[in-house]
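So the structure is just underneath, and the comments pick up after that.
Predicted, not measured: the structure shown is a model, and the values here were computed from it. Here is how names work: the chains are called A, B, and so on, in the same order as the sequence lines, proteins then strands, and each is numbered from 1.
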Amino acid sequence: MTQARYNAREAEPRWQKTWDERGIFATRNDDPRPKYYVLEMFPYPSGRIHMGHVRNYTMGDVVARYKRARGFNVLHPMGWDAFGMPAENAAMERKVHPKAWTYDNIAAMKTQLKSMGLSLDWSREIATCDPAYYRHQQKMFLDFVRAGLVERKQSKVNWDPVDQTVLANEQVIDGRGWRSGALVEQRELTQWFLKITTYAQDLLDRLDTLDRWPEKVRLMQKNWIGRSEGLLLRFMLDPATTPNAESELEIFTTRPDTLFGAKFMAIAPDHPLATAAAKANPALAAFIAECKRQGTAQEVIETAEKQGFDTGIKAVHPFDPNWTLPVYVANFILMDYGTGAIFGCPAHDQRDLDFVNKYGLGNTPVVCPPGVDPKDFVITDAAYDGDGRMINSRFLDGMTIEAAKEEVARRLERETRGNRPVAQRQVNFRLRDWGISRQRYWGCPIPMIHCEACGVVPVPEQDLPVVLPEDVSFDKPGNPLDRHPTWKHVACPQCGGAARRETDTMDTFVDSSWYFARFTDPWTTSAPTDVAVANRWMPVDQYIGGIEHAILHLLYSRFFTRAMRATGHLGLDEPFAGLFTQGMVVHETYRKKDGAWAAPAEVRIEGPEGNRRAFLIDGGDEVEIGAIEKMSKSKRNTVDPDDIMETYGADTARWFMLSDSPPERDVNWTEDRVQGAGRFVQRLWRLIGEAADIAKAAPAQKPAAFGEAALALRKAAHGALAKVSAEIEKLHFNVCVAHIYEFTNAFGDAVNTKSDAPDFAWAVKEAADILVQLFQPMMPHLAEECWAALGHGNLAAQAAWPEADTALLVETTITLPVQVNGKKRADVTVARDAANADVEAAVLALEAVQKALDGKAPKKVIVVPQRIVNVVA
RNA sequence: GCGGGCGUGGCGAAAUGGUAGACGCAAGGGACUUAAAAUCCCUCGGGCCGAAAGGCCUGUGCCGGUUCGAGUCCGGCCGCCCGCACCA
C-alpha cells in the first residue's frame, strides 16, 4: 500500500544508501562501452555548499544520469580545490590550522553533496592540498622547467597589500585584487612564470575548433590573448642628442601606413633610454618617478591625463634623414607591451591626438575618408581611425591603408643598418606569461632550491613531494614558510652546501589546471596520469561551471593540457570538448529601516504580485523589498541549501533549479516556485500510485490493438519521450521540465478515467514507466520510489533509457492552420501525405476562407507540406 | 572608447522564417470541507461585438526593409546587462 504523501526526508537517504551500497556510480576504466566524461567545476571547500553549487551540480547530474541510461560508461567525479587564502584567514582569525579547517569543511560539504543525490563516483575523490595530489604537480613543474616552459625573472608584479601576495593579471579586476578587493600596487619581484605565451598562437587558433563552447567565452579568450600584427621598426637617433651610446630606438606599430603623419616619439617611463636620459636630467628623473608613483592601478589610468616630458633626444624619420621627431617620455606608454616605445601619429590615434593637443605639436592627416576632399579634411580633437586613401604621404599617396602598410613594410625590410633590416614584421600578443609565485603558506610548494654557489637548483625527483610543514604560526602577516625556523634550510642537491628552499607556493589556479586529468586515474602513484587511461577518457565531453572562469581557469587549463602533452603526461590538445556556463542564482534583497540587510528566512511576504510587502517575522517591522541580486553574504539574500533539503527534499530543490529559467540565464529563487516544485513532487507520487493500481489489470503481453484512449496516452508518452530526449541533449532543461509537466497533465487525465480495460491498463503502465524514467535524471530519489511502486526489481538509475516509438508519432491525418494574406482564418484537416493540389482544393472549399476572400480570386496558394497553408489574394 | 549579449502577459518563460504566449508561478472564480490545509475544475495580453457558441481588431522595445508569411533575417535608433580597456 502506498503512502498518501511522499516523504522525501525518509526516502532520500534510503535511496542514497542503496546506491552507495551497490556502488552503481563507481566507474571502471576497463568498461568497454563508449565513454562519456561529464564534469562540473570542483568547489573550493569554504565550509558549506551554496545554491550556485546546487544548480551547477544538478545540471551535471542530469547529464550524467541521462548518458548513463543511454548506455555510456560515464565518468562523473568530484573533488576539492582545497588550497587557498580563506584557510589562512581562518587560521589567523580563529586559530585553527588551515589543514584541519579545510578537511573539516570537506567532510561537511561532502555530506551536503551526498544529500543531493548526485550520481558521483566518490572513489575518485581528490583534494588538491593532499601531498598525494600535489606531488605530481611538483613533478610536472620540474618537467616543465626541463621543457623550457618555466622562467624565473624579475618583473613588475601586481601586489595585493591586504593578502600580501602577488596576483596574476587575470586576478586583477578593475585595479583591485579579485579576492581581497584591495587596490593593487606595483612591485618589482623575482617570480616564477609559466610560459603560457609559448602557446599564444595555438591557444588562439584552436578556439575556432571549440564548437561546443559558448561563443561569448571564445570571444573573451580571443580578446584576452589579443593578437596584433605589425612592424618592429628601428628609428635612428640623432647622435648629438643622445645620452651614452644609444643610437637607435625600436618601436612596434600596427599602423606603419601612418608614418608620414608622425609628430613625436614616446617611450615608457621605465624604458632603458628614459633611464639613461634621466641620469643627466633631474627634472626628467622627477617626472619618471611621478609616473611610477601613479602606478598602473586601473582607476588611476582611467582618469589620468596624457603627460609627457621632452627628453631632448631626436629620432630620425626612416624615410627622410632630414626629418627629426622629438622623443618624449610619456605616462601612457607601457613597458611590457611591444618594445615600450611608439611613434605618435596624432591624426589617427586618439591618445596621440590628446597628447599633441596638450603639447602643441600639431597633426597632419594621412588617411582621408572616402567622399571627403583632402583639402577640407582637418583633424581637431577627434582622431580618425576609419578606412580611406593615403594623403600627405609622398610615395604612399592614393593607396589604401592595407597597400600602404605593405609598401612601408616592403621598403623598410629591404633596408639594413648594421647588418640588420631596419624593420621586420612581428606579431604581438596582449597575453602575458603566467606568474605563479605566491607568498602564501596554504599552497603547493615550488620544488626549487636556492644555492649561493650553484644558483637555482631543482629538487631531485626522489625527494618529492616537498611537503608543507604543519608547525606554522599565523600571528604575523606575510608568509609563514619564510618564517619557519627549519623548513627552508636544506643542503644543496648539487654541491651539498647550505641552501634555501623556495618559500613561495604556487597560485592555486595551477591546482585546478589539471585535476580533470587526474580524475581519470587518481590511483596512479608513479606519475600524474596514466597517459593511456587519460587519453581514453579525455577530453571532458561536457564541462559545466560559472562564466566567471571564462578566462582564468579555462585558459590556464588549455595551457596545461598543451604543457602536459609536451612533457608526455597527456596526449591531446584541448581539455574540454563541450563547455556550458550556467547562470547565477539570484534572490530579492530586504532592507531594514536602519539600513541593515535582512535575510529571506527572517522575512514574511504579504500581498499579491505587484503589491507585495515584506515584514520581519520577529517584531513585524516592515522592510523594504530591494533589487534581485546574486546571492551573497554581504546582502544576506542567501538561502541555505540544507534548509531547503530539510523542508522539501533534494528532488524539489533539483527540480526547481531546472525549471523555468534557461540554464545559462540567472534563476530567481522564490519561495512560491519552490513550493510549486514541491507540489509537483507530491502530484507525481499520487499519480504513479493510482497508475500502479490501474496497471495491475495490464496483460503481460503487449495488446495487439489499442482503443482510442489507450492510443492517445501512448502518443502522449512517446511524444514526450522524443521531445525530452532531444532537449536534454541540448541542455535545455527548462524545456524538458515543461514537456514533463505537459505529459504529466495528459497522464493525469488518463489516470482519472479509472478505466481498467486491458489495453488501457497496459498503456497506463507503459506511460507510467516512461514518465518515471523521464524525470529520473532530475528527481532521482522520487524516481526510485515510483519505480519500485510500479513493481520493477531493478533501480531506476540503472534502467536503460526507453526508445520512442516514432511510428506512433506519425499521424495519418493532420490539421493545418490556414492563413489568408498572412492571417489565420481557419484550420484544414487533410491526409498527411496529401498532394499540394488536393490541400489547395480543400482549403479553397472552406467557408471561412471564401468569407475572408470576400469574393476576390486567390492570386496564389502557398502550401508548406505538414506546416501551413497561406492563401494570397 | 572597443567587443558581445539581451529586450515577448502581473512574473519566470516557450516558439527548425509558418497558428505568438506552450509549461510553470501569481491572481480571480467555483467544487469538496464544520473550518483550514491538501486536492480538483474554470478564467487569465489588450480592446471591441455577442445572451452564448463564437467572431473581429490589435499586440513580441521604437522606426524602416526583405518575404506569401518576421518574436525570429537585414539596416537604423532607444534601453538594460556583461567582458575588455592608455595593448601602440
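For A/N745, a side-chain nitrogen or oxygen approaches OP1 or OP2 of B/G24 to under 4.0 Å. Contact annotation: A/Y741 does not reach the phosphate of B/G24 (side-chain N/O to OP1 or OP2, under 4.0 Å).
Summarising the base pairing, B/C6 is matched to B/G79 through a Watson-Crick or G-U wobble pair whose two defining distances lie under 3.5 Å. The base-pairing partner of B/U39, taking Watson-Crick or G-U wobble contacts with both distances under 3.5 Å, is B/A31.
In this structure, A/F747 has no ring pair (Phe, Tyr, Trp, His ring centres under 6.0 Å) partners at least two apart in sequence or on a different chain. The salt bridge (Lys or Arg N to Asp or Glu O under 4.0 Å) test applied to A/E588 returns A/R612, not counting sequence neighbours. Applying the salt bridge (Lys or Arg N to Asp or Glu O under 4.0 Å) test to A/E690 and every residue at least two apart in sequence or in another chain returns A/K754. The ring pair (Phe, Tyr, Trp, His ring centres under 6.0 Å) check on A/H553 picks up A/Y543, A/H549, with sequence neighbours excluded. For A/F332, the ring pair (Phe, Tyr, Trp, His ring centres under 6.0 Å) test picks out A/F355, with sequence neighbours left out. For the ring pair (Phe, Tyr, Trp, His ring centres under 6.0 Å) test, residues two or more places apart in sequence or in another chain that qualify with A/Y384 are A/F377. For A/R654, the salt bridge (Lys or Arg N to Asp or Glu O under 4.0 Å) partners are A/D61, not counting sequence neighbours. Residues that satisfy the side chain to side chain contact (heavy atoms under 4.5 Å, CB included) test with A/M51, not counting sequence neighbours, are A/V54, A/V585, A/M631, A/V639, A/P641, A/I644, A/M657, A/W669.
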Are any protein N/O atoms closer than 3.5 Å to N/O atoms in nucleotides 80-83 of chain B? If there are, list each pair with its distance.
residue, atom, partner, partner atom, Å
B/C82, O2', A/K216, NZ, 3.4

Between the protein and nucleotides 56-60 of chain B, list the N/O to N/O atom pairs that are separated by less than 3.5 angstrom.
residue, atom, partner, partner atom, Å
B/C56, OP1, A/R825, NH1, 3.4
B/C57, OP1, A/R825, NH2, 3.2
B/C57, OP2, A/R825, NH1, 3.3

Under 3.5 Å, N/O pairs linking protein and nucleotides 35-40 of chain B:
residue, atom, partner, partner atom, Å
B/U39, O3', A/R686, NH2, 3.4

Requested in this report: Treat primed atoms plus P, OP1 and OP2 as sugar-phosphate and everything else as base, then score nucleotides 12-17 of chain B 5' to 3': B for base contact with protein heavy atoms under 4.0 Å, S for sugar-phosphate contact only, - for none.
Outcome: BSS-B-

